[in-house]
K.L.:
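Before I ask anything, let me first share the structure, which is written out below as structure tokens.
Lettering of chains follows the sequences in order, A, B, ..., and the numbering in each one begins at 1.
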Amino acid sequence: MIIVLARAATGVSATIDHEPAIVVADLPAFVVEHERSTPRWVWDDTRSWYPQLLAARVRVDRCFDLRLCHAILRNSQLTAESALATAAPGPWDAPAEAPRSVRPERAGTLFDLADDREPVHSPGAVAEFRLQQSAVAASAEPGRIGRLLAAESAGALIASEMQFAGLPWRADAHDAILSSLLGPRPRDGERPAALQAVLDDVRTLLEAPDLNPDSPEALLRALGRVGLQVKSTRSWELRELDHPAIAPLLEYKKLARLLAANGWHWLDTWVVDGRFRPDYVPGGVITGRWATSGGGALQLPKQVRGAVIADPGCKLVVADASQLEPRILAAMAGDRAMVAAGSAGDLYAGIVASGAVATRDQAKVGMLSAMYGGTTGEGGRLLPGLARAYPQAIGMVEDAARAGERGEVVSTRLGRSSPPGRDVGYVEGATADEVNRTRSRSRAWGRFTRNFIVQGSAAEWALCWMASVRRRLRDLDESRWLTDGPHLVFFLHDEIVVHCPEPEVERVVAEVRAAAVEAGQLLFGAIPAQFPVTVAVVDNYGQAK
DNA sequence: TGGGCTTGCGCC
DNA sequence: AAAGGGCGCAAGCCCA
């Protein structure tokens, strides 16, 4: 059963299968009533529908997010001939509506049904859905692209649910971490004591009593005055210098970064009632990875993860997919040797065992180089050996790079395509300088497309994994409300965190592992690629490495 | 004062 | 000669 929901001037309308649209007076009640037959709910944008349902304690099983799916179908090589992809850009190509509210200071109204803004008009949802269905049906690979749309939409549901549930965050623990590193919380505008102390050392040792260490320009000048020539003030560059001021300067940078990015101000802004609720943006990255907006949720430094503490009686099940990207590449390329190298557990150890490289570290550096397009240093030197041992895998990323350099489009396993390359082609009558710049752009785009197929396919695997985890957790006890049982609370590209009542930990760990197997099958079918998952059951996120 | 740019760094 | 992908965020800086 398909139910298309749309907002119109008259209110919410619902189109059940191909029946005439009906007006919905009480949306949560309507959804509850029909959810029993597990329809696929079709709507323009999950973020403009689902938070209100969750606030009313209503979950849905499956949805179809028209805006996210439109973006995929518009670009995919698999649907390039479709009416959808060949039509002129329209309202479905517009960027997402800003979420109703994400700032936690408005948390009181976050899920408030009485939003005073005008309801968003969502015209033509039924027509758009039909257009999308026919684009999928006419595709050369309807199974793949259809799976991608389902996974993307499931991701949208999960994003709303994770924001609703929030990541357990103990402000007192966070404050203790900050105090131990920086000193007690200072008054506004003052530097914490420990930060001020290392700054005093830096200023003394550089003989620059008024130095503003946060100004790269001023810092560069001060370093120059004591004979330290550097091109930038990046930590990795400063680390090479031999001068007594360098150690405290590096310490200052580290502490100042913590204070600015995840200090007390961040805590005040983003943690409300013991939960951190970032605004997840599914499909926010060109490769299909999620982005977040506000709070820097995907960059939570390891330093503060100790403040992510499970509620009493609960544990955090932290699971990450080991060496996901090289495994994805091996499976995608059908590289039996590399798949075999990963089958015993540690892929990099398997690569060493095959004799392609000498050490585990070389295997890692070499593979990263292959997937990112690095050519310098050790990574570049290791490539020929890897290419001999794994011609399909290395050949696949090389082909993707060459295609990108020519301005061609590349696609992920399930059919998300890269944007067309711009300004990478030879121009008649260009000067030598222009030719060089064009070549440089072309190479850069090749590095992008090289990485795109791997990063994007890994993102698809992660979506399938997470969707499977979600379904399995719900199936443990369907009568329970989302946050009363084990539920997803965090997602970080290849890692998930489940907030889990202690008695259910063992079962949840098993489901998380089983979901990883299922994700591998969804993407690669019979190819016997392994996607092992490393699981840590902890009280706080800082304990998971 | 506010917008847009650069720099630097956190995560994968 | 040099050549590592994708992000978000805060602070400094410059300019209108």
K.L.:
Just call it for A:Ala291: base, sugar-phosphate, or nothing, with non-hydrogen atoms closer than 4.0 Å on any strand.
P.N.:
sugar-phosphate

K.L.:
At under 4.0 Å between heavy atoms, what does A:Gly380 touch on the DNA or RNA strands: base, sugar-phosphate, or nothing?
P.N.:
nothing

K.L.:
Does any residue of residues 210-236 of chain A have a heavy atom under 4.0 Å from DNA chain B, and if so, which ones, in number order?
P.N.:
A:Pro216, A:Ser232, A:Thr233, A:Arg234, A:Ser235

K.L.:
Need one value for A:Arg447: base, sugar-phosphate or nothing, where a base atom within 4.0 Å counts as base even if backbone is also close, heavy atoms only.
P.N.:
sugar-phosphate

K.L.:
Among A:Leu250, A:Leu181, A:Leu199, A:Leu178, find the one that has a side chain to side chain contact (heavy atoms under 4.5 Å, CB included) with A:Leu255.
P.N.:
A:Leu181

K.L.:
When you match A:Ser369 and A:Ala261 each to their closest nucleotide on DNA chain C, which lands nearer the 5' end?
P.N.:
A:Ser369

K.L.:
For A:Phe276 together with A:Trp266, are the ring centres under 6.0 Å from each other?
P.N.:
yes

K.L.:
Are A:Lys253 and B:dC9 close enough that a side-chain N or O sits under 4.0 Å from OP1 or OP2?
P.N.:
yes

K.L.:
Please state how far atom NZ in A:Lys254 lies from atom P in B:dG10, giving the value in whole angstrom units.
P.N.:
7 Å

K.L.:
Is there side-chain contact between A:Asp423 and A:Thr438, with heavy atoms separated by less than 4.5 Å?
P.N.:
no

K.L.:
Provide, to the nearest angstrom, the distance between the CG atom belonging to A:Leu255 and the C1' atom belonging to B:dC9.
P.N.:
14 Å

K.L.:
Extract, from 5' to 3' on DNA chain C, the first and final nucleotides lying under 4.0 angstrom from some heavy atom of chain A.
P.N.:
C:dA3 to C:dC13

K.L.:
For A:Leu324 and B:dC11, what is the distance between atoms CG and C1' respectively, to the nearest whole Å?
P.N.:
15 Å

K.L.:
Check every strand shown and say whether A:Leu300 touches a base, only sugar-phosphate, or nothing at a heavy-atom separation below 4.0 Å.
P.N.:
sugar-phosphate

K.L.:
Searching all strands shown, indicate the nucleotide that pairs with B:dG2 (Watson-Crick or G-U wobble; both distances under 3.5 Å).
P.N.:
C:dC15

K.L.:
Nearest whole angstrom, please: distance from the C1' of B:dG8 to the CG of A:Leu259.
P.N.:
16 Å

K.L.:
Identify whether any heavy atom of A:Arg305 sits under 4.0 Å from a base atom; if not, whether one sits that close to sugar-phosphate; answer base, sugar-phosphate or nothing.
P.N.:
sugar-phosphate

K.L.:
Do A:Pro192 and A:Arg185 come close enough that some side-chain heavy atom pair is under 4.5 Å?
P.N.:
no

K.L.:
Does A:Lys364 have more than 12 heavy atoms from other residues, nucleotides or ligands lying within 6.0 Å of its NZ?
P.N.:
no

K.L.:
Could you check A:Gln77, A:Glu460, A:Glu152 and say which one makes a side-chain hydrogen bond (donor to acceptor under 3.5 Å, both in side chains) with A:Arg416?
P.N.:
A:Glu152

K.L.:
Rounding to a whole Å, what distance do you find between A:Trp461:CH2 and B:dC12:P?
P.N.:
16 Å

K.L.:
How is A:Ile286 classified with respect to the nucleic acid when contacts are heavy atoms under 4.0 Å: base, sugar-phosphate, or nothing?
P.N.:
sugar-phosphate

K.L.:
Round to a whole Å and report the spacing from CD of A:Gln299 to P of B:dG10.
P.N.:
11 Å

K.L.:
In this structure, are over 12 heavy atoms from other groups packed under 6.0 Å from A:Asp188 atom CG?
P.N.:
no

K.L.:
How close or far is atom P of B:dG10 from atom CG of A:Leu258, stated in whole angstroms?
P.N.:
10 Å

K.L.:
State which residues pass ring-ring contact (aromatic ring centres under 6.0 Å, His included) with A:Trp264; sequence neighbours excluded, sorted by chain then number.
P.N.:
none

K.L.:
Any side-chain heavy atom of A:Phe491 sitting closer than 4.5 Å to one from A:Ile158?
P.N.:
no

K.L.:
Rounded to the nearest angstrom, tell me the gap between atom CD in A:Gln303 and atom P in B:dC9.
P.N.:
13 Å

K.L.:
Does A:Arg327 make a cation-pi contact with A:Phe531, if we ask for NZ or CZ under 6.0 Å from the ring centre and within 45° of the axis?
P.N.:
no

